[in-house]
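Notes to accompany the following structure.
Below, chains carry the letters A, B, ... as their sequence lines are ordered, and counting in each starts from 1. Everything numeric here is computed off the predicted structure, so don't read it as measured data.
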Amino acid sequence: MARILITSAIPYINGIKHLGNLVGSQLPADLYARYMRQRGHEVLFLCATDEHGTPAELAAAKAGKPVAEYCAEMWATQKALSDGFRLSFDKFGRSSSVQNRALTQHFAGKLDDNGLIEEVTESQVYSHADGRFLPDRYIEGTCPNCGYEHARGDQCENCTKQLDPTDLINPRSAISGSTDLEVRETKHLYLKQRSLRGQLSDWIDSKTDWPVLTTSIAKKWLNDGDGLQDRGITRDLDWGVPVMKGTAPWPGMEGKVFYVWFDAPIEYIACAKEWTDADGRPDAEWERWWRTDKGADDVRYVQFMGKDNVPFHTLSFPATLIGSGEPWKMVDYIKSFNYLNYDGGQFSTSQGRGVFMDQALEILPADYWRWWLLSHAPENSDSEFTWENFQASVNKDLADVLGNFVSRVTKFCRSKFGTDVPDGGAWGDDEAALIARLETGLRAYETHMEAMEVRKAAGELRALWVAGNEYLQSAAPWAVFKEDPARAAAIVRLALNLIRLYAVISRPFIPDASAAMLAAMKTEDDGWPDDLAAALGVLEVGHSFDVPDVLFAKISDEERDTWAERFSGVRD
RNA sequence: GGGCCUGUAGCUCAAUUGGUUAGAGCAGAGCGCUCAUAACGCUUUGGUUGGGGGUUCAAGUCCCUCCGGGCCUACCA
């Protein structure tokens with residue numbers, strides 16, 4: 001039995017996430033966590049909300065609430081939605097937790113002890129009307145290069161020229177529109193990543209099994225131009241982890257907080273402490289996952305994230321861990337995803353374009369979304385959601401191939417033998433062929449799941465469902481029954497067992513339907529089918545079952561069209 | 001501007017890293033079955049692998065070039 005630590009990129013707090021966010025990290029992470037648990041491994045699956053930073057402050061202001069209150073409410077909302085999607089986190093924490101505050105301050109102190117922190121005085125734009133320093137991209141003005149009037153302080157979206165906020169003509173606050181701006185000097189802490197470049201580079205080079213998407217981004221940052229740059233890890237904001245040197249004050253840094261990208265990944269660790277603290281358990285129980293000197297040396301750590309998060313997970317966070325000089329567990333594998341597009345364009349939070357997590361659950365059960373999203377996960381390139389494709393895939397795969405299989409088997413049995421597993425007959429060539437087919441397919445499925453090849457795993461699972469229908473067609477119990485009812489009973493007995501088998505192996509993808517199938521078969525035996533012949537005999541002669549309700553109702557053309565219309569524009 | 005990824009059947013995607021005739025699912029066509037959610041099974045049509053050029057005994061795969069899509073470029077997260 002292995003020990004597997006799994007983290008999903010932590011979603012930002014400023015709103016409800018859309019399906020593109022979901023499929024890019026949390027959902028595939030959940031698939032992997034569920035599968036590994038089923039295979040008997042010890043899994044710790046962590047996620048949290050990422051709560052600090054300017055966008056959170058602005059979202060709270062827009063909602064007319066104190067930022068702490070806003071974040072608490074949004075955390076509860078996101079938690080409810082992750083439950084709704086059956087995301088099986090062992091702990092869904094908060095980056096604003098006291099645990100993360102302490103740990104973030106601890107890391108900063110250690111980095112300073114090791115000579116890796118430098119104080120830098122720099123110039124920042126301050127907005128009197130907004131009462132805050134403005135990040136570069138929150139300053140708007142006319143591009144000096146092309147004359148575009150809505151250029152941002154970091155880059156002009158029109159001509160793509162990189163800018164400095166002071167380059168802008170007629171600069172104004174993108175928040176309030178105020179032109180009452182002033183360049184002020186302010187002091188910040190920088191993490192001297194340059195001095196860790198060699199160690200980071202060696203570490204990345206040792207990861208030969210990582211996806212190209214992951215390593216190429218990391219190497220770009222390591223080697224491009226002058227190489228890896230030092231990075232500011234503090235900000236002039238109210239909402240965040242106060243800058244402290246461990247538990248001691250940091251002279252000159254009063255009133256400042258750590259940069260959200262410094263404290264957010266540390267929450268992966270702090271979340272584990274939130275997990276044990278919630279039950280009053282000792283620190284040793286989370287440290288055995290995170291400290292290689294306290295039992296974590298045999299842990300395999302896998303991270304899931306969208307491609308935009310890669311630099312922070314391959315360089316910034318590892319720099320924090322390495323620079324601390326302490327034996328923290330480093331990531332072993334990064335599974336990164338491309339983006340899911342929506343019907344010819346991008347999902348857009350600001351424009352309300354696409355389907356958001358709350359809306360998705362309003363119109364259909366979680367399993368429908370889980371199946372489609374995972375079987376179309378954007379692993380090798382961006383992929384696209386269309387209502388036509390969604391309807392066709394879900395109806396065919398879930399309703400026709402799997403759902404109808406359960407229906408036809410249970411109803412046939414009820415009409416000919418009643419609702420107990422029937423006695424009589426024996427297995428023959430059809431059964432041998434089926435078992436051989438399942439053996440091949442199931443081992444391929446296991447291989448893909450181990451390798452986190454999500455789409456391939458989905459395809460193989462579906463093929464296993466199809467194999468059940470092929471078997472029925474070949475064995476034809478409805479025809480055999482007329483001449484040889486005992487033989488028909490043997491076929492039906494196996495088919496009923498196949499339903500239980502499908503429930504077990506399908507659970508990582510469609511946990512609710514899996515539970516419904518097990519409930520209908522009136523069994524709690526959900527052991528993994530290492531021995532297929534044995535697994536197909538678990539439900540014995542005389543075992544009672546129910547004919548379940550339709551597992552997956554089909555999506556009608558009318559529903560499809562209604563939803564396509566509803567989600568095309570502004571969020572209601 | 002620079003870097004990276006990507007373009008394969010009407011649609012969504014494969015192709016053991018240069019090796020037989022480029023494969024699946026869906027959609028389409030035909031046949032079969034009648035237990036089942038008008039479901040299932042079998043067979044089948046469909047491709048100048050974005051265009052052009054090159055290397056090689058051999059190219060979807062490597063090189064050059066052009067065209068299209070996407071991402072990143074360090075103060076959004």
Side-chain angles (χ1 to χ4, degrees), chain A residues 9-14 50 52-56 58 122 124-125 133-139 152-155 159-162 164-165 174 188 193 211-213 215-217 219-221 223-225 228-232 235-236 259-261 264 306-312 315-316 338-339 341 346 372 375-376 378-386 388-390 392-393 395-416 455-456 458-459 462-463 466 468-474 476-479 481 488 491-492 495 549-554:
Chain A
I10 66 178
Y12 199 65
I13 195 71
N14 68 339
D50 176 13
H52 297 135
T54 306
L58 297 180
E122 56 190 11
Q124 291 280 307
V125 174
F133 282 94
L134 297 176
D136 290 357
R137 73 167 50 195
Y138 283 97
I139 301 161
R152 294 187 320 210
D154 56 342
Q155 184 173 33
C159 67
T160 73
K161 184 176 175 61
Q162 287 189 54
D164 188 88
H188 283 297
Q193 297 185 135
V212 177
L213 184 66
T215 50
S216 66
I217 291 172
K219 287 180 180 175
K220 166 76 165 29
W221 282 50
N223 302 320
D224 199 44
L228 188 64
Q229 298 298 298
D230 293 346
R231 188 177 186 92
R235 292 290 183 274
D236 289 295
Y259 177 41
V260 57
W261 262 116
K307 56 186 169 186
D308 53 328
N309 273 324
V310 169
F312 304 98
L315 301 170
S316 310
N338 288 285
Y339 292 146
N341 290 317
Q346 294 190 342
W372 190 89
S375 62
H376 294 77
E379 290 177 296
N380 295 327
S381 59
D382 292 353
S383 65
E384 175 155 322
F385 176 93
T386 64
E388 289 76 14
N389 188 302
F390 176 69
S393 296
N395 285 354
K396 191 69 186 176
D397 299 347
L398 297 182
D400 295 345
V401 177
L402 178 62
N404 182 56
F405 177 83
V406 173
S407 212
R408 66 193 296 204
V409 169
T410 52
K411 287 180 179 173
F412 179 78
C413 184
R414 180 176 61 185
S415 73
K416 304 299 184 197
R455 279 191 318 232
K456 287 180 181 175
R462 195 198 115 101
V466 168
N469 284 307
E470 290 171 353
Y471 166 70
L472 279 190
Q473 184 65 31
S474 170
W478 49 87
F481 181 80
I491 296 167
V492 168
D549 292 335
V550 165
L551 278 179
F552 299 100
K554 290 200 193 189

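Nucleotide B/G25 forms a Watson-Crick or G-U wobble pair with B/C11, both donor-acceptor distances falling under 3.5 Å. Base pairing of B/G41 is made with B/C31, judged by Watson-Crick or G-U wobble geometry with both donor-acceptor distances under 3.5 Å. In this structure, B/C76 makes no Watson-Crick or G-U wobble pair, since no nucleotide meets both defining distances under 3.5 angstrom. If you check B/U61 for Watson-Crick or wobble pairing at under 3.5 angstrom, you find it has no partner at all. Of all nucleotides present, none satisfies the Watson-Crick or G-U wobble test against B/A36 with each distance under 3.5 Å. Base pairing of B/G46 is not made with any nucleotide, judged by Watson-Crick or G-U wobble geometry with both donor-acceptor distances under 3.5 Å. Checking B/U16 for Watson-Crick or G-U wobble geometry (two distances, each under 3.5 Å) identifies no partner in any strand.
When heavy atoms are screened at a 4.0 angstrom cut-off, A/Lys416 is found touching no nucleic acid atom at all. Using a 4.0 Å heavy-atom criterion, one finds that A/Phe405 contacts no nucleic acid atom at all. Backbone-only contact: A/Val466 has heavy atoms under 4.0 Å from sugar-phosphate atoms and none from a base. Contacts of A/Asn404 with the nucleic acid, taken as non-hydrogen atoms under 4.0 Å apart, include base atoms. Nucleic acid contact class of A/Val550 (heavy atoms, under 4.0 Å, all strands): base. Contacts of A/Lys307 with the nucleic acid, taken as non-hydrogen atoms under 4.0 Å apart, involve only primed sugar atoms and P, OP1 or OP2.
Under a 3.5 Å cut-off, the side chain of A/Thr410 and the backbone N or O of A/Ser407 do form a donor-acceptor pair. Looking at A/Asn338, its side chain never comes within 3.5 Å of a backbone N or O of A/Lys307 through a donor-acceptor pair. Although no hydrogens or angles enter the test, the distance criterion places a donor-acceptor pair under 3.5 Å between the side chain of A/Asp230 and the main chain of A/Gln193.
Heavy atoms only, all atoms of each residue included: A/Arg455 and A/Glu379 are closest at N-OE1, 3.1 Å.
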Practice task
Might you work through the side chain to side chain contact (heavy atoms under 4.5 Å, CB included) test for A/Tyr471 and A/Ile491, ending with a clear yes or no?
Solution key: CA-CA 9 Å; A/Tyr471 166 70; A/Ile491 296 167; 3.5 Å; yes
Handout entry: Evaluation steps, side chain to side chain contact (heavy atoms under 4.5 Å, CB included), between A/Arg462 and A/Ser375
Key = CA-CA 10 Å; A/Arg462 195 198 115 101; A/Ser375 62; over 6 Å; no
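The side chain of A/Val260 sits closest to B/A77 out of B/A77, B/C35, B/A14. Checking B/C76, B/A14, B/C13 against the side-chain heavy atoms of A/Ser383 singles out B/C13 as nearest. When distances are taken from the side chain of A/Asp400 to each of B/A14, B/C40, B/A77, the shortest belongs to B/C40.
A donor N or O paired with an acceptor N or O is found under 3.5 Å between the base of B/C75 and the side-chain atoms of A/Glu122. At a cut-off of 3.5 angstrom, counting only N and O atoms as typed in the model, there is no donor on one side facing an acceptor on the other between the side-chain of A/Trp221 and the base of B/A74. If you check distances only, the side chain of A/Glu470 never reaches the base of B/C40 with a donor-acceptor pair under 3.5 Å.
A/Tyr339 places its OH atom 13 Å from the P atom of B/G70, with the value rounded to the nearest Å. The CD atom of A/Gln473 sits 8 Å away from the C1' atom of B/G32 (whole-angstrom rounding). Spacing between atom CG of A/Asp154 and atom P of B/A74 amounts to 8 Å, rounded to whole angstrom units. Look at CZ on A/Arg231: it is 9 Å from P on B/U73, rounded to the nearest Å. A straight line from CZ of A/Arg408 to P of B/A36 spans 10 Å, rounded to a whole angstrom. Here the P atom of nucleotide B/C76 and the CD1 atom of A/Ile139 are 10 Å apart, to the nearest Å. For the pair A/Leu472 CG and B/A39 P, the interatomic distance rounds to 17 Å; values are reported in whole Å. Note: CG (A/Leu315) to P (B/U73) measures 13 Å, nearest angstrom.
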Atom pairs under 3.5 Å: protein N/O with N/O of nucleotides 25-30 of chain B:
| residue | atom | partner | partner atom | Å |
| --- | --- | --- | --- | --- |
| B/G25 | O3' | A/Arg462 | NH2 | 2.9 |

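Taking 4.5 Å as the limit, every side-chain heavy atom of A/Lys416 sits out of range of all side-chain heavy atoms of A/Val492. The shortest distance between side-chain heavy atoms of A/Tyr339 and A/Asp308 falls below 4.5 Å. Between A/Tyr138 and A/Pro55, some side-chain heavy-atom pair lies under the 4.5 Å cut-off.
Positionally, the nearest nucleotide of RNA chain B for A/Lys220 lies more toward the 5' end than for the other of A/Lys220 and A/Arg235. Across the interface with RNA chain B, nearest-nucleotide mapping of A/Ser407 and A/Ala264 shows A/Ser407 to be the residue nearer the 5′ end.
Syn is the classification of B/U17, since its glycosidic angle stays within 90° of 0.
The side chain of A/Lys219 contributes no N or O atom lying less than 4.0 Å from OP1 or OP2 of B/C4.
Ring stacking is absent between A/Phe412 and B/C35, as the pair misses the limits of under 5.5 Å between centres and under 30 degrees between planes.
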